[in-house]
Protein chains: 2
Amino acid sequence: MVNDPFRALSHPIRRGIVERLAEGPATVGEATAGFGVSKPAISKHLKVLEETGVVARVVVGRTHRLSLEPDVLSEAADWMDLQRARWGRLFDVVDDYLKENESR
Amino acid sequence: MVNDPFRALSHPIRRGIVERLAEGPATVGEATAGFGVSKPAISKHLKVLEETGVVARVVVGRTHRLSLEPDVLSEAADWMDLQRARWGRLFDVVDDYLKENESR
DNA sequence: CGGATCGTTAACCATTGGGTTAACCGTAGC
DNA sequence: GCTACGGTTAACCCAATGGTTAACGATCCG
């Protein structure tokens, strides 16, 4: 999978960036303030988010404006919801199953 | 974050295992057939899923029965849905924003 | 022009990740 | 008892991650 949103979201800093961008577009400085890592580290995280198609970048003068690219993230959200719907049908079944096994 | 479901889901094999377990509990062999990697590799993926609290294991004789542990995955699904709800309010705004910047 | 600002690239380093093979453990079954 | 089976552990390998500092590029502004 070339666009792997789960990989993109597997680091807390990148999730933090996504959270901020979910409020609306922002510059790199705005979207990444306060994470306590160096600028090159931030730059790498942004590269991952951009490569996976989670974030889009528009260069405006010397600042880079970032915005969320909903499609790829929606894919991930859809996958999660689908799995949740499937396991949701099993709630009670699982309990029974475990009890059955414990008593074997 | 000690229980990081996104890390757990960041590998396609682990997502595959989750998909199978969303249909219902299964043994290791059942849940992980056909991934084309060795058994130790599988074992490591299962360890990750177990450590992150995504999967529970009950040893029955010489087989290990796996089942999905819904809580941690639900956390992730909730996070995704929350972000989607937030960025959803921005759809048109983003378009305007990009156009505005392109014309600068 | 010259300095400050926003952000990236380069080079490097330590750790983690994901895979392998070989060996092992415990249980099942003949 | 012994072999087959389900699965893990150990030891190892290489590539990818995530961080650093130092330097750079480009733009803005006095």
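Letters go in sequence order (proteins before strands), and every chain restarts at 1.
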Asker: Before giving the answer on salt bridge (charged side-chain N to carboxylate O under 4.0 Å, His left out), spell out for A/Asp81 and A/Arg86 the whole-Å C-alpha distance, their side-chain angles and the decisive distance to 0.1 Å.
Answerer: CA-CA 9 Å; A/Asp81 287 340; A/Arg86 294 167 75 214; over 6 Å; no

Asker: Rounded to whole Å, please give me the gap between CZ in B/Phe35 and C1' in C/dG18.
Answerer: 15 Å

Asker: Do the side-chain N and O atoms of B/Glu19 and A/Trp79 include a donor-acceptor pair separated by under 3.5 angstrom?
Answerer: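 Yes, side-chain donor-acceptor contact under 3.5 Å.
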
Asker: Tell me the interatomic distance from A/Leu49, atom CG, to D/dG18, atom C1', rounded to whole angstroms.
Answerer: 14 Å

Asker: Could you report the tightest heavy-atom contact between B/Arg15 and B/Leu9, atom names first, then the distance?
Answerer: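 Closest pair (atom of B/Arg15, atom of B/Leu9, distance): NH1-O, 2.5 Å.
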
Asker: When the distance from CZ of A/Arg57 to P of D/dA26 is rounded to whole Å, what number comes out?
Answerer: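 Taking atom P of D/dA26 as the reference, CZ of A/Arg57 is at 16 Å.
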
Asker: Which whole-number value in Å describes the distance from A/Leu46 CG to C/dT8 C1'?
Answerer: 11 Å

Asker: Please give, in whole Å, the distance from D/dG19 P to A/Ile42 CD1?
Answerer: 8 Å

Asker: Let's see if you can work this out: which of C/dT9, C/dC6, C/dT21 has an atom nearest to the side-chain heavy atoms of A/Lys39?
Answerer: C/dC6

Asker: Whole Å only: how far is the CD1 atom of B/Ile17 from the C1' atom of D/dG7?
Answerer: 13 Å

Asker: To the side chain of B/His11, which of C/dG18, D/dA22, C/dT20 is closest?
Answerer: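 Side chain of B/His11 sits closest to C/dG18.
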
Asker: Which listed nucleotide (C/dT8, D/dG19, C/dA22) is nearest to the side chain of B/Pro40?
Answerer: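 For B/Pro40, the side-chain atoms sit closest to C/dA22.
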
Asker: Go nucleotide by nucleotide along DNA chain D from the 5' end; which of A/Val48 and A/Gly61 gets its closest nucleotide reached first?
Answerer: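 The residue whose closest nucleotide sits nearer the 5' end is A/Val48.
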
Asker: Find out if a path of hydrophobic residues (ILVMFWY) with successive side-chain heavy-atom gaps under 4.5 Å connects A/Val37 to A/Ile17.
Answerer: yes

Asker: Send over the distance from A/Asp4 CG to C/dG18 P, rounded to a whole Å.
Answerer: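 Result: 11 Å.
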
Asker: Nearest to the side chain of A/Arg7, which nucleotide is it out of D/dT17, C/dT8, C/dG19?
Answerer: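 Between D/dT17, C/dT8, C/dG19, the one nearest the side chain of A/Arg7 would be D/dT17.
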
Asker: Using the side-chain heavy atoms of B/Val28, tell me which of these nucleotides is nearest: C/dT8, D/dG7, D/dT9.
Answerer: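 Between C/dT8, D/dG7, D/dT9, the one nearest the side chain of B/Val28 would be D/dG7.
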
Asker: Specify the separation, in whole Å, of atom CD of A/Glu50 and atom C1' of C/dT9.
Answerer: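 In whole Å, C/dT9 C1' and A/Glu50 CD are 15 Å from each other.
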
Asker: Let me know, please, whether B/Ile13 or A/Arg62 comes out on the 5' side of the other along DNA chain C by nearest nucleotide.
Answerer: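 Its nearest nucleotide lies further toward 5', so the answer is A/Arg62.
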
Asker: Quick one: is D/dT20 close enough that its OP1 or OP2 comes under 4.0 Å of any side-chain N or O from A/Ser38?
Answerer: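 Affirmative; the distance criterion is met.
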
Asker: From the list C/dT20, C/dT8, C/dG18, which nucleotide is the closest neighbour of the side chain of A/His64?
Answerer: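 Nearest listed nucleotide: C/dT8.
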
Asker: With rounding to the nearest 0.5 Å, note down the distance linking CG in B/Leu66 to CD in B/Glu30.
Answerer: 9.0 Å

Asker: Of the nucleotides D/dA10, C/dT8, C/dC12, which has the atom closest to the A/Lys44 side chain?
Answerer: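 Given the options D/dA10, C/dT8, C/dC12, the side chain of A/Lys44 is closest to C/dC12.
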
Asker: Should B/Arg65 be listed as having a side-chain N or O under 4.0 Å from OP1 or OP2 of D/dG6?
Answerer: no

Asker: Nearest heavy atom decides the nucleotide; on that basis, is A/His45 or B/Gly29 closer to the 5' end of DNA chain D?
Answerer: B/Gly29

